[in-house]
Amino acid sequence: MRITIHDDFDLDKIIGCGQCFRPRRLADGTYLFPSAGRALRLRSLGAGEYEADCRTDEWDAVWARYFDLSRDYAALRAAIPPDEPFLREAAACGAGLRVLRQDPWETLVSFILSQRKSIPAIRGCVEQLCRAFGEPLEGGLFAFPAPERLAQAAPEALRACSLGYRADYVRDAAERVSLGALDLAALETAGDETLMAALLSVRGVGVKVANCTALFAYGRASCAPVDVWIRRIIDRRCGGENPFCRFGGCAGILQQYCFYYALQEKQALRD
DNA sequence: GTCCAGGATCGGA
DNA sequence: TCCGATCATGGA
């Protein structure tokens, strides 16, 4: 199907801003988004027109929500006050990115794996997990493995996916989700505090990983994860004071603009 | 060989 | 409550 998306939509920034680890750009320029046992192929036709390999009803029911299309990011950027020059700069740089609503299980596991790993290393880990334990989809793709599958996995098989000491954390999370002790679907309608408490009850999940899951899977835009990159920004560019606290319900979106901005600065240093 | 990566846990002060 | 050591692994 062909769809029109307003111009505040940049696929390179969406897949490159550090929020997701499997979506990617294929050699032919098509963008691939695997999520929750499906996969979307999206190709830009220019001028805000896109070709998507799904039906209109699937787009409306699944992907519009996934891409957070109901939120007005331009208005959000415009509302950053002039006395926040760094935030305005970062938001201008990241204009077009959108904070995805990803599958909670995949997001939780991916960010459990993220601790003390580089983004390319996380990508590699997640990919290995999918190939080793995920159900095959069309086109040589693999779905992210179900919790039941990971709960049954042999410890050495998990470690073979470069999980390192995080293998025990993943196994613990898989057991709790597959047994129903942690109901990720039910948490969709929970309040922020309830959601955070549930996520923090998982071994290997601290405040940062819980915030990432709340923001990138549950759309809790008030959650703004503070990692080493954001910490650096707060210390060096914001006088040591966390600026996201001042923005309540959209703190997480601004945080993501800043994270993307930091990635771009690092990239620029290499070039 | 050394250092660091979207951190979390644990024990001891 | 706070601080430091430690946790596998891969890439620069």
Side-chain angles (χ1 to χ4, degrees), chain A residues 13-24 90 93-94 97-100 102-104 106-132 150 153-176 182 196-218 220-221 223-238 242-244 251-271:
Chain A
K13 293 179 183 176
I14 289 169
I15 67 171
C17 71
Q19 63 181 324
C20 55
F21 303 105
R22 288 206 298 153
R24 60 184 187 272
C93 170
L97 77 78
R98 311 194 71 87
V99 174
L100 301 174
Q102 303 175 67
D103 175 65
E106 175 173 344
T107 307
L108 176 62
V109 174
S110 297
F111 281 95
I112 287 175
L113 296 182
S114 75
Q115 58 179 270
R116 292 191 65 78
K117 272 185 180 298
S118 66
I119 291 178
I122 301 164
R123 285 208 174 92
C125 256
V126 173
E127 188 61 31
Q128 289 180 71
L129 268 185
C130 292
R131 289 179 180 279
L150 291 183
E156 54 271 24
L158 282 180
R159 289 196 182 258
C161 297
S162 304
L163 303 196
Y165 64 91
R166 308 162 193 81
D168 293 335
Y169 298 155
V170 170
R171 161 174 279 277
D172 179 57
E175 284 177 355
R176 296 193 46 194
L182 180 63
M196 285 295 289
L199 295 172
L200 288 169
S201 72
V202 180
R203 265 183 66 75
V205 176
V207 173
K208 189 267 173 184
V209 169
N211 271 314
C212 284
T213 308
L215 177 62
F216 300 136
Y218 289 95
R220 307 302 170 98
C223 296
V226 176
D227 66 351
V228 291
W229 291 89
I230 297 297
R231 184 75 253 167
R232 214 168 285 158
I233 285 174
I234 292 173
D235 290 343
R236 296 180 186 172
R237 310 291 294 267
C238 305
N242 186 332
F244 308 113
I253 312 287
L254 295 179
Q255 180 273 357
Q256 204 53 25
Y257 281 133
C258 288
F259 188 83
Y260 177 75
Y261 192 56
L263 286 183
Q264 294 309 112
E265 285 189 322
K266 182 184 177 188
Q267 186 73 39
L269 284 176
R270 272 207 297 266
D271 297 340

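Owing to the predicted nature of the structure, the values given are computational and were not obtained by experimental measurement. The figures here come from the full heavy-atom set of this structure, side chains too, leaving out hydrogens, waters and symmetry mates. Reminder, nothing fancy here: chain letters follow the sequence lines and each chain counts from 1.
- In 5' to 3' order, the nucleotides of DNA chain B bounding all contacts with chain A (an atom under 4.0 Å from a heavy atom) are B:dA5 to B:dC10.
- Using a 4.0 Å heavy-atom criterion, one finds that A:Gly18 contacts the bases of the nucleic acid, with or without backbone contacts as well.
- As judged by a 4.0 angstrom heavy-atom cut-off over every strand, A:Cys20 is placed among residues making no nucleic acid contact.
- Nucleotides C:dC2 and B:dG6 place their C1' atoms 24 Å apart, quoted to the nearest Å.
- Protein atom CD1 of A:Ile122 is 13 Å distant from nucleotide atom C1' of C:dG11, rounded to whole Å.
- Taking the C1' atoms as reference points, C:dA8 lies 14 Å from B:dC4, given to the whole Å.
- Here A:Glu265 does not pair with A:Arg232 in a salt bridge; the nearest charged N to carboxylate O distance is not below 4.0 Å.
- Comparing A:Ser162 and A:Arg116 along DNA chain C, the residue whose closest nucleotide (by nearest heavy atom) sits nearer the 5' end is A:Arg116.
- Within the 4.5 Å cutoff, no side-chain heavy atoms of A:Thr107 are placed close to those of A:Cys212.
- As judged by a 4.0 angstrom heavy-atom cut-off over every strand, A:Val205 is placed among residues touching the sugar-phosphate backbone only.
- A:Leu113 places its CG atom 14 Å from the C1' atom of C:dG10, with the value rounded to the nearest Å.
- A:Gln115 has its CD atom 9 Å from the C1' atom of C:dC7, to the nearest Å.
- At a threshold of 4.0 angstrom between heavy atoms, the contacts of A:Tyr260 with the nucleic acid are absent.
- At a threshold of 4.0 angstrom between heavy atoms, the contacts of A:Arg231 with the nucleic acid are absent.
- In this structure, A:Arg166 reaches the bases: a heavy-atom distance under 4.0 Å links it to at least one base atom across the strands shown.
- Rounded to whole angstrom, the span from the CD atom of A:Gln128 across to the C1' atom of C:dT9 amounts to 10 Å.
- Within the 4.0 angstrom heavy-atom criterion, only backbone atoms of the sugar-phosphate kind lie near A:Tyr169; the bases stay farther away.
- Sequence order on DNA chain B of the closest nucleotides to A:Lys208 and A:Gly204 puts A:Lys208 first from the 5' end.
- Along DNA chain C, the nucleotide nearest A:Ser118 and the nucleotide nearest A:Gly164 are compared for position; the residue whose nucleotide lies closer to the 5' end is A:Gly164.
- Nucleotide C:dT9 holds its C1' atom 18 Å from the CZ atom of A:Arg123, rounded to whole Å.
- Heavy atoms of A:Leu163 sit nowhere under 4.0 angstrom from any nucleic acid atom.
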